[in-house]
Amino acid sequence: MVCDNGSGNAGCGLADFDFWGESACGYFPRRLSLLECYQLCPEGTPSAVQRRCFDAALEHGFQWDGAWLYRTNCQGCSQCIPIRIDVSHFSFSKSQRRLLRKNADISTVMRRGRTRLSSLEKVKLLSLYERRHRTEEEDLSVMTRVLEGMNGLWDGWGGRAFSEKCFAGTRNLDYYIDGSLAGVSVLQFGKNAVYSQYFYYDTSPQVMRRSLGTFSILNEIAYCQKHKIRYYYLGYFVTDCQKMAYKANFVPYQLLQEGKWLEYNEKMGYSMGVRN
């Protein structure tokens with residue numbers, strides 16, 4: 001458990017893990033991923049304390065899956081490296097500014113609350129998005145559980161529902177084109193950090209031409225700058241995994257290596273992927 005009590009003076013120190021989680025690796029075939037999983041805070045912990053503890057966990061390289069903090073501890077592999085952007089150091093390139101102008105007609109709304117995080121409209125959008133990555137089609141009841149899990153309304157490991165969000169900082173930033181929902185960013189807000197957990201979107205050809213995934217990252221960096229939130233976390237940068245390489249397109253970025261956040265001002269030396 002990361003937060004040791006519910007008082008305003010909680011130390012937010014990292015304690016022993018709650019359980020191990022083992023599953024197929026999402027990045028490399030024929031490998032297993034071993035995760036250390038932690039509970040953030042006891043139920044009933046004040047929101048301000050939760051968010052401060054969340055910042056501390058991110059600083060130590062933890063990730064968030066909707067209900068649990070976790071970090072990889074895979075035997076013989078250390079290719080998952082936490083990545084973040086210090087938005088106070090970030091300046092938009094010419095091509096990035098051009099993409100922002102191209103999508104200036106897209107409107108956004110920040111959402112919170114159970115019904116707004118797991119609406120039928122969002123379940124249908126997620127189902128269509130996931131068809132790009134799955135050979136079989138899931139029914140809407142399954143995708144509802146997946147969406148609830150992302151937003152901390154359902155504990156997939158423990159198999160239980162939460163009456164309220166597991167973490168007080170869970171938000172959705174909804175993207176609209178001509179009044180229609182085109183994309184959803186599942187975001188976690190700490191006190192001085194935003195963690196980008198997942199982005200799903202309309203995969204129709206007309207929307208794909210907008211590079212909505214890249215646009216969402218740029219838009220959220222701009223949001224952090226406007227609201228004086230210092231760090232924007234992008235999860236793991238995975239070396240030797242092309243589909244994760246897009247994260248190094250946003251320079252300067254920082255990688256957590258040997259316990260220290262090191263800043264890089266250039267893209268990695270191999271071909272970069274693009275989050276379309």
Side-chain angles (χ1 to χ4, degrees), residues 1-19 36-71 82 84-88 108-119 122 144-175 184-199 216 219-235:
M1 190 174 291
V2 174
C3 177
D4 57 354
N5 62 63
S7 70
N9 297 316
C12 300
L14 299 178
D16 292 336
F17 63 87
D18 285 277
F19 65 93
E36 299 176 30
C37 299
Y38 298 72
Q39 185 182 354
L40 176 63
C41 295
E43 291 186 26
T45 300
S47 171
V49 177
Q50 287 188 38
R51 294 173 74 168
R52 188 172 71 249
C53 291
F54 190 69
D55 279 4
L58 293 176
E59 183 73 24
H60 283 80
F62 283 85
Q63 312 300 310
W64 182 255
D65 80 339
W68 294 90
L69 290 163
Y70 70 92
R71 61 183 175 188
R84 72 183 183 185
I85 295 168
D86 183 338
V87 303
S88 67
T108 59
V109 180
M110 192 71 74
R111 306 282 193 190
R112 68 177 78 183
R114 175 179 287 273
T115 57
R116 294 180 175 181
L117 300 182
S118 58
S119 66
K122 290 185 175 181
T144 297
R145 274 286 184 252
V146 172
L147 191 60
E148 289 175 343
M150 284 183 195
N151 288 286
L153 302 169
W154 171 259
D155 175 9
W157 289 105
R160 61 189 176 121
F162 298 106
S163 58
E164 297 295 335
K165 298 190 303 294
C166 180
F167 174 50
T170 302
R171 306 283 185 273
N172 282 181
L173 186 58
D174 295 351
Y175 289 76
V184 178
S185 272
V186 181
L187 302 172
Q188 310 296 337
F189 281 74
K191 184 177 181 181
N192 198 31
V194 170
Y195 177 81
S196 176
Q197 180 181 333
Y198 201 71
F199 182 69
S216 71
N219 180 66
E220 288 152 24
I221 291 171
Y223 179 96
C224 290
Q225 290 177 333
K226 178 180 178 181
H227 293 275
K228 302 191 184 317
I229 299 169
R230 183 167 182 180
Y231 295 113
Y232 179 69
Y233 286 81
L234 279 163

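- By the side chain to side chain donor-acceptor pair (under 3.5 Å) test, Tyr175 pairs with Asn219, Glu220, sequence neighbours left out.
- Side-chain atoms of Gln225 come within 3.5 Å of backbone N or O of Val87 as a donor-acceptor pair.
- Between the OG atom of Ser47 and the CZ atom of Phe189 there is a distance of 12.0 Å, given to the nearest 0.5 Å.
- Applying the ring pair (Phe, Tyr, Trp, His ring centres under 6.0 Å) criterion to Tyr233, with sequence neighbours excluded, gives Trp261.
- With sequence neighbours excluded, no residue satisfies side chain to side chain donor-acceptor pair (under 3.5 Å) with Thr108.
- At a threshold of 4.5 Å between non-hydrogen side-chain atoms, the residues Val194 and Tyr231 do not count as touching.
- Shown here for Gly235 and Gln63, the closest heavy-atom pair between the two residues is CA-OE1, 2.9 Å.
- For the atom pair Arg111 CZ and Leu173 CG, the distance stands at 10.0 Å (nearest 0.5 Å).
- Among the candidates Tyr70, Tyr195, Phe54, Tyr38, the single residue satisfying the ring pair (Phe, Tyr, Trp, His ring centres under 6.0 Å) test with Trp64 is Phe54.
- Under the salt bridge (charged side-chain N to carboxylate O under 4.0 Å, His left out) criterion, Arg51 pairs with no residue, sequence neighbours left out.
- Legend: residues meeting side chain to side chain donor-acceptor pair (under 3.5 Å) with Asn172, ordered by chain and number and at least two apart, are Lys122, Asn151.
- In terms of heavy atoms, Ser118 sits closest to Leu153 at OG-CD1, 3.9 Å.
- Nearest heavy-atom pair across Gln50 and Ala168 is OE1-N, 2.9 Å.
- Taking all atoms of both residues into account, the shortest heavy-atom contact from Leu58 to Ala193 is CD1-CB, 4.1 Å.
- For Asn192, the side-chain contact (heavy atoms from CB on, under 4.5 Å) criterion is met by Asp55, Arg230, not counting sequence neighbours.
- Ser119 places no side-chain N or O within 3.5 Å of a backbone atom of Thr115 that could act as its donor or acceptor partner.
- Remark: the backbone N or O of Gln197 is not paired with any side-chain donor or acceptor of Gln188 at under 3.5 angstrom.
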